[in-house]
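To start, the structure under review is shown below, and the notes come after it.
Position 1 is the first residue of the sequence; numbering continues from there. When reading the values below, keep in mind they use all heavy atoms of this one structure, side chains included, and skip hydrogens, waters and symmetry mates.
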Amino acid sequence: MKFNLTRPCDNCPFRSDRPEQRGWLGRERAAEITHAVLRGDKTFTCHKTLERPKAEQSMCAGALTLLRGTSRDESPFGNAMVQVAERLGLYDPTTLRDDVPVFRTAQEMEDFHTC
């Protein structure tokens, strides 16, 4: 897994500025994703890199941006995989761009993706 993406892509499920995508993911899947990223030790692969070999796949920049902006209440332990990547020098959170709006909380994302 690479941590090289700096901004969410145009159809990233973490983007909050795409009203035409409202509900497409579904609340259950959105909750599953946010829980894994915010409260677990899972990465979330960018859908544009899924066809690559595992070692060439990238962590979703939208997921990283949501994780970076969450409170200690929502993500009490952070994400272990992201923390390890940062400590090993594989991820630099300062490279994430702030010019693409993403959901600020898991609840916002889940509400948006509710059909």
Pairwise distance CD(Glu110) to NE2(His35) - rounded to 0.5 angstrom:
10.5 Å
Is the closest side-chain heavy-atom distance between Met59 and Thr49 below 4.5 Å?
no
Is the CE atom of Met81 crowded by more than 12 outside heavy atoms at less than 6.0 Å?
no
Aromatic ring proximity, centroids under 6.0 angstrom, Phe14 and Phe103:
no
Would you indicate whether the side-chain heavy atoms of Asp92 and Glu86 approach each other to under 4.5 Å?
no
State the CG-OG1 distance between Asp111 and Thr105, to the nearest 0.5 angstrom.
7.5 Å
Exercise: identify the closest heavy-atom pair between Asp10 and Arg18
O-NE, 2.9 Å
So, do Met109 and Pro13 sit near enough that their side-chain heavy atoms are less than 4.5 Å apart?
yes
Considering only heavy atoms from C-beta outward, does the side chain of Thr34 approach that of Gln107 to under 4.5 Å?
no
What pair of heavy atoms forms the shortest contact from Cys9 to His47, and how long is it?
SG-CE1, 3.3 Å
Parallel, tilted or perpendicular: ring planes of His113 versus Trp24, cut at 30 and 60 degrees:
perpendicular
Of Thr94, Asp98, Val82, Val102, the one forming a side-chain contact (heavy atoms from CB on, under 4.5 Å) with Arg68 is Asp98
Side-chain donor or acceptor of Gln57 paired with backbone N/O of Arg52 under 3.5 Å
yes
I'd like to check Glu56 versus Lys2 (side-chain heavy atoms, cut-off strictly below 4.5 Å). Are they in contact?
yes
Spell out, as yes or no, whether a donor-acceptor pair under 3.5 Å connects the side chain of Asn79 to the backbone of Val37.
yes
If you take all heavy atoms of Cys60 and Cys12, which pair is closest and at what distance?
SG-SG, 3.6 Å
Could you check if a side-chain atom of Lys42 sits within less than 4.5 angstrom of a side-chain atom of Phe44, using non-hydrogen atoms only?
no
Quick check: do Leu96 and Arg7 have side-chain heavy atoms less than 4.5 Å from each other?
no
Does any N or O in the side chain of Glu108 come within less than 3.5 Å of the main-chain N or O of Arg104, such that one atom is a donor and the other an acceptor?
yes
Please tell me if the side chains of Ile33 and Leu25 come closer than 4.5 Å, counting only heavy atoms from C-beta onward.
yes
